[in-house]
There are 2 protein chains.
Amino acid sequence: MYYINEKEYKCSVAVTLDVFNDRWKLAIIWYLLEKDKRFKELSEDIHEITQKTLTIKLKELEEKNIISRQAFLEIPPRVVYALTPIGKALRPILEEMYLWGKNYVKEHGTIGEMTACEASVVKKCLKL
Amino acid sequence: MYYINEKEYKCSVAVTLDVFNDRWKLAIIWYLLEKDKRFKELSEDIHEITQKTLTIKLKELEEKNIISRQAFLEIPPRVVYALTPIGKALRPILEEMYLWGKNYVKEHGTIGEMTACEASVVKKCLKL
DNA sequence: ACGCTTACTTTACTTTATGTAAGTAATGAT
DNA sequence: ATCATTACTTACATAAAGTAAAGTAAGCGT
């Protein structure tokens, strides 16, 4: 059994799931793997997300120490988000997800052009 | 770009996410890694899930070809769920999640006794 | 005749997640 | 004076997911 602030987990996979088990968090992590980013950059990367939801998700990830937030006292404001060391350590999971997804598409879908998103992250972050 | 029945994905990680990005699916996969299971066994393994939700999630996983369903024409009914080959191929992802979760708990939580769940799956399924 | 079993399905509801649209704060540029 | 900029916050609305509890179907044991 594992405990993280009062909360109980039956196994460590459940702990991991708790970190990114929603519609947005893994996307945020994926884009932050590429490089540290400002709020606006993230909201452009993940253009379907609303500002409100992005704010909430970033706060949740920060609370779990997956990302860090650095606010500069400037006008207009500047806030930079970055993965923490343990956040960066999620990379092998993403790599496996990347590989599995490719295989799955081979069997059950079709492949079109490579997107900028994938090209960039794959090139800079995945050590395959 | 990837396409799976009309749906568009910017990268293959998004494809993978789509498979288990909810509260229950990965738990189902986790328990099926151990061995093929009947409906009732799964609902005992994941005792927090309601029958209705389990039914829906199993159906969704079947539609995505992650698990297979075999119904025997017996009374009382018997239905056995098993991972398909591509479902079994999710194992490396789970392994990475297992490792990451352990590390995360080391830094941010406390570890208690090993649960039956974890012991069993780790022993039988993870090739670490 | 009746209850037990399994794998569901159905109903009626509550909770959680997400969206929409507007507002705010501070300041430099026009 | 007003606008643009950025990173939010607020109030309200809707959609999605989950819950509890009961129902169903068919046949077996008592």
Side-chain angles (χ1 to χ4, degrees), chain A residues 6-10 14 17-32 35-64 66-83, chain B residues 6-10 14 17-32 35-64 66-83:
Chain A
E6 322 282 282
K7 217 174 157 186
E8 246 186 40
Y9 299 88
K10 270 197 297 205
L17 252 196
D18 221 35
V19 164
F20 60 69
N21 206 12
D22 77 35
R23 190 169 157 197
W24 303 112
K25 287 189 191 128
L26 210 79
I28 295 171
I29 294 163
W30 176 248
Y31 284 105
L32 285 178
K35 63 181 178 76
D36 301 354
K37 297 219 169 148
R38 298 180 60 176
F39 185 90
K40 208 193 172 195
E41 292 178 281
L42 283 170
S43 79
E44 282 162 1
D45 284 340
I46 313 167
H47 70 274
E48 310 91 334
I49 201 174
T50 60
Q51 289 187 323
K52 177 193 162 193
T53 304
L54 181 55
T55 304
I56 292 167
K57 296 305 160 187
L58 287 168
K59 201 172 289 173
E60 289 172 1
L61 286 168
E62 200 197 345
E63 279 162 13
K64 293 187 170 166
I66 307 303
I67 64 172
S68 65
R69 193 191 110 107
Q70 192 183 5
F72 296 86
L73 297 171
E74 297 171 6
I75 299 284
R78 181 158 59 102
V79 179
V80 175
Y81 293 93
L83 289 169
Chain B
E6 321 284 284
K7 218 174 157 186
E8 245 184 42
Y9 300 88
K10 271 197 296 205
L17 253 197
D18 222 34
V19 165
F20 61 69
N21 207 13
D22 77 34
R23 191 168 156 198
W24 302 113
K25 287 189 192 129
L26 210 79
I28 296 171
I29 294 164
W30 175 250
Y31 285 105
L32 285 179
K35 64 181 178 75
D36 300 354
K37 296 216 170 151
R38 299 181 61 175
F39 185 88
K40 207 193 174 195
E41 292 178 279
L42 283 170
S43 81
E44 283 163 359
D45 284 339
I46 314 168
H47 70 272
E48 311 90 334
I49 200 174
T50 60
Q51 290 187 322
K52 180 193 165 193
T53 305
L54 181 55
T55 304
I56 291 168
K57 295 305 159 186
L58 287 169
K59 202 171 289 174
E60 288 172 1
L61 286 168
E62 200 197 345
E63 278 162 14
K64 294 189 170 166
I66 307 303
I67 63 172
S68 65
R69 192 191 112 109
Q70 192 182 4
F72 295 87
L73 297 170
E74 299 173 6
I75 298 282
R78 182 157 60 102
V79 179
V80 175
Y81 294 94
L83 290 169

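Every value quoted in this text rests on a predicted model; they were computed, and no experiment measured them. Letters A, B, ... mirror the listed sequences (proteins, then strands); counts begin at 1. Any value given below was found using the heavy atoms of this structure, including those in side chains, with hydrogens, waters and symmetry copies removed.
Under the 3.5 Å distance criterion, the side-chain polar atoms of A:K64 are left unmatched by any main-chain donor or acceptor of A:F20.
Residue B:K52 places no side-chain atom within donor-acceptor reach of the base of C:dT10, judged by atom type and a 3.5 Å distance cut-off alone.
Considering only the side chain of B:T50, D:dA20 comes nearest among C:dT18, C:dC8, D:dA20. Listed candidates were C:dA7, D:dG18, D:dA7. Nearest to the side chain of B:R69 is C:dA7. Nearest nucleotide to the A:T55 side chain, out of C:dA7, D:dG18, D:dT9: D:dT9. Nearest to the side-chain atoms of A:R38 among the listed nucleotides C:dC8, D:dG27, D:dA7 stands D:dA7.
Regarding B:L42, its CG atom lies at a distance of 14 Å from the C1' atom of C:dT6, rounded to whole Å. In this entry the distance linking CG of B:D45 with P of C:dA7 reads 13 Å, nearest Å. For A:E44 and D:dT6, the CD to C1' distance is 11 Å, given to the nearest whole Å. Rounded to an integer number of Å, the gap from CD of A:E48 to P of C:dT18 is 13 Å. The separation between B:K37 atom NZ and C:dT6 atom C1' is 17 Å, rounded to whole Å. Atom CD1 of B:I46 is separated from atom P of D:dT19 by 12 Å (rounded to the nearest Å). Straight-line distance from the CD atom of A:E74 to the C1' atom of D:dT6: 11 Å, rounded to whole Å. Summarising the geometry, the separation between CD on A:Q51 and P on C:dT18 is reported as 16 Å, rounded to the nearest angstrom.
Closest approach of B:V19 to B:L61, counting heavy atoms only: O-CD2, 4.1 Å. A:I28 approaches A:L54 most closely through the heavy-atom pair CD1-CD1, 3.8 Å. Nearest heavy atoms, B:N21 versus A:R23: ND2-CA, 3.7 Å. Residues B:D36 and B:E41 approach most closely at O-OE1, 4.4 Å, considering heavy atoms. Here the shortest heavy-atom pairing between B:F39 and B:Q51 reads CZ-O, 3.9 Å.
Place A:K59 and A:P76 on DNA chain D by their nearest nucleotides, and A:P76 ends up nearer the 5' end. Along DNA chain C, the nucleotide nearest B:Y81 and the nucleotide nearest A:I75 are compared for position; the residue whose nucleotide lies closer to the 5' end is B:Y81. The residue among A:I56 and B:L58 whose nearest nucleotide of DNA chain C is located toward the 5' end is B:L58.
Here B:T53 lies in heavy-atom contact (under 4.0 Å) with a base.
Electrostatic pairing of B:K57 and B:E60 counts as a salt bridge here, judged by a charged N lying under 4.0 Å from a carboxylate O. Taking 4.0 Å as the cut-off between side-chain N and carboxylate O, A:K40 and A:E44 count as a salt-bridged pair.
Side-chain N/O atoms of B:K57 include one lying less than 4.0 angstrom from OP1 or OP2 on D:dG18.
For the segment residues 20-28 of chain A, the set of residues with a heavy atom within less than 4.0 Å of an atom of DNA chain C comprises A:R23, A:W24, in numerical order.
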